[in-house]
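Just so you know, residue 1 is the first one in the sequence shown, and it goes up from there. Order of appearance sets the numbers: ligands from 1, and atoms from 1 within every ligand. Computed from heavy atoms alone, side chains included, the values below leave out hydrogens, waters and symmetry copies. Every value quoted in this text rests on a predicted model; they were computed, and no experiment measured them.
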Amino acid sequence: MSGGDKLDFEIRPNPAAVSAADRAALLANPGFGRVFTDHMVTIRYAEGKGWYDARVEARAPIPMDPAAAVLHYAQEIFEGLKAYRTTDGAVTMFRPEANAARFIASAGRMAMPELPAETFVESLRQLVEIDREWIPDGPDASLYLRPFMFASEVFLGVRPANEYLYCVIASPAGAYFTGGVKPITVWVSPDYTRAAPGGTGAAKCGGNYATSLVAQAEAIEAGCDQVVFLDAVERRFVDELGGMNVFFVYDDDTLVTPPLTGTILPGITRDAILTLAAESGLRTQERPVSFADWQADAASGRLREVFACGTAAVITPIGRVKFPDGEFLVGGGEPGRTTNALRQQLVAIQRGEAEDRHGWVRQVL
Ligand SMILES: Cc1ncc(COP(=O)(O)O)c(C=O)c1O
């Protein structure tokens, strides 16, 4: 396929699909990322041929040559988004076109081919259609979709590969917060940074997460939930968490988030929050926030709330901040009113319970 040609998906239903009873047992408490549906999507790419062989087939291990380029030079990107079952039985996704655009941007940074946005969105729709029984019921449950692409060419030379495999898998997910939204404790990493200017921070490539793991392990060891990365040049300014963007709420109703300068992931939740906040009368600013100011403004009370945001948990209040020399609370360690209000507003739009004024919600079934 090239340009705007439409790619047809060959559907091969899984002959050994999980029984309804076993599926119900798995969906009762799926947790996150451990239970998978019966099918996957695969599409191949070869230089000179373009995208071809689009399939919906039984989820199965992917045979891989030990010299497949991804295993050596990590040419790999991914996305993450959710499909929801609405109260009237429809199935929706939140801004899948934004994930498609970010997938294209990530591919560009990693010297990989672009998957057309319409093929990306159609691949998600195909998987959700065949595995729709796997979408869990319940107010906070969803089917997490994981599209990804990697260099499959069998070649050890260091250059962009000529062959790729695009794949989508799906994993039912239960409520992120069981028993109410609880503020998290974050660890500000003194030693490790996530992404330098000119690096891959804005791309959703597996390598960014590989480098974050040692810092996240340090956070867990320090009794924290998540790591916060500072900028790689001055080690002064807050970039983002290992897997979430960050927002600061000040007592004059200003909402501040670090700017998209290429070192942080341009979160789709971040973007939606900036829009909703501006509409609710908050002043929004995309500007650097130093860790020193974070600490000083939390102490003076000028900084009222801090929260993290992303697809997984939508909005998570940050109550406590730890670093090697000490720790401090934000807003007394309790979730703040702006955090709660933005969370409620966004979740209601995502769930089809509030008016979708921006055309963010896509009904796919
Ligand atoms: C490093 C990082 N930052 C931010 C986000 C939030 O992005 P989004 O709101 O698109 O899920 C994610 C999650 O995808 C992430 O992995």
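In terms of protein heavy-atom proximity, atom 16 (O) of ligand 1 is nearest to Tyr209 OH, 2.5 Å. In this structure, the protein non-hydrogen atom closest to atom 14 (O) of ligand 1 is Lys204 NZ, 2.9 Å. In terms of protein heavy-atom proximity, atom 3 (N) of ligand 1 is nearest to Glu240 OE1, 2.6 Å. Among all protein heavy atoms, the one lying closest to atom 11 (O) of ligand 1 is Thr311 OG1, 2.6 Å. In terms of protein heavy-atom proximity, atom 7 (O) of ligand 1 is closest to Gly267 CA, 3.4 Å. Among all protein heavy atoms, the one lying closest to atom 5 (C) of ligand 1 is Gly243 O, 3.5 Å.
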Exercise for review: Evaluate salt bridge (charged side-chain N to carboxylate O under 4.0 Å, His left out) for Glu153 paired with Arg159, printing each intermediate quantity in order.
Suggested key: CA-CA 11 Å; Glu153 188 186 2; Arg159 59 146 171 76; 2.9 Å; yes

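Remark: distances from the non-hydrogen atoms of Glu79 to ligand 1 are all 4.0 Å or more. Not a single heavy atom of Ala312 sits less than 4.0 Å from an atom of ligand 1.
Ile268 places none of its side-chain heavy atoms less than 4.5 Å from the side chain of Thr311. Side-chain contact between Gln126 and Ile11 is present, with at least one heavy-atom pair separated by less than 4.5 Å. At least one side-chain heavy atom of Arg304 sits under 4.5 Å from a side-chain heavy atom of Thr338. Using a 4.5 Å heavy-atom threshold, the side chains of Asp137 and Arg85 count as touching. The side-chain heavy atoms of His39 and Glu57, taken from C-beta on, include no pair separated by under 4.5 Å.
Across Met244 and Thr316, no two heavy atoms sit closer than the pair SD-OG1, 4.0 Å.
Short contacts between ligand 1 and Met244, defined as distances under 4.0 Å to a heavy atom of the residue, involve ligand atoms 2 (C), 3 (N), 4 (C), 5 (C). Of all atoms in ligand 1, listed by their number and element, those nearer than 4.0 Å to a heavy atom of Asn245 are 4 (C), 6 (C). Each of the following atoms of ligand 1 lies closer than 4.0 Å to a heavy atom of Arg102: 7 (O), 8 (P), 10 (O).
Here Phe78 and Phe103 keep their ring centres 6.0 angstrom or further from each other. The aromatic ring centres of Phe323 and Phe291 sit less than 6.0 Å apart.
By the 3.5 Å distance cut-off applied to N or O atoms, Arg270 is not counted among the residues near ligand 1. For ligand 1, the polar-atom distance check finds an N/O of Ile268 within less than 3.5 Å of one of the ligand's N/O atoms. Checked against a 3.5 angstrom limit, the closest N/O atoms of Thr269 and ligand 1 fall inside it.
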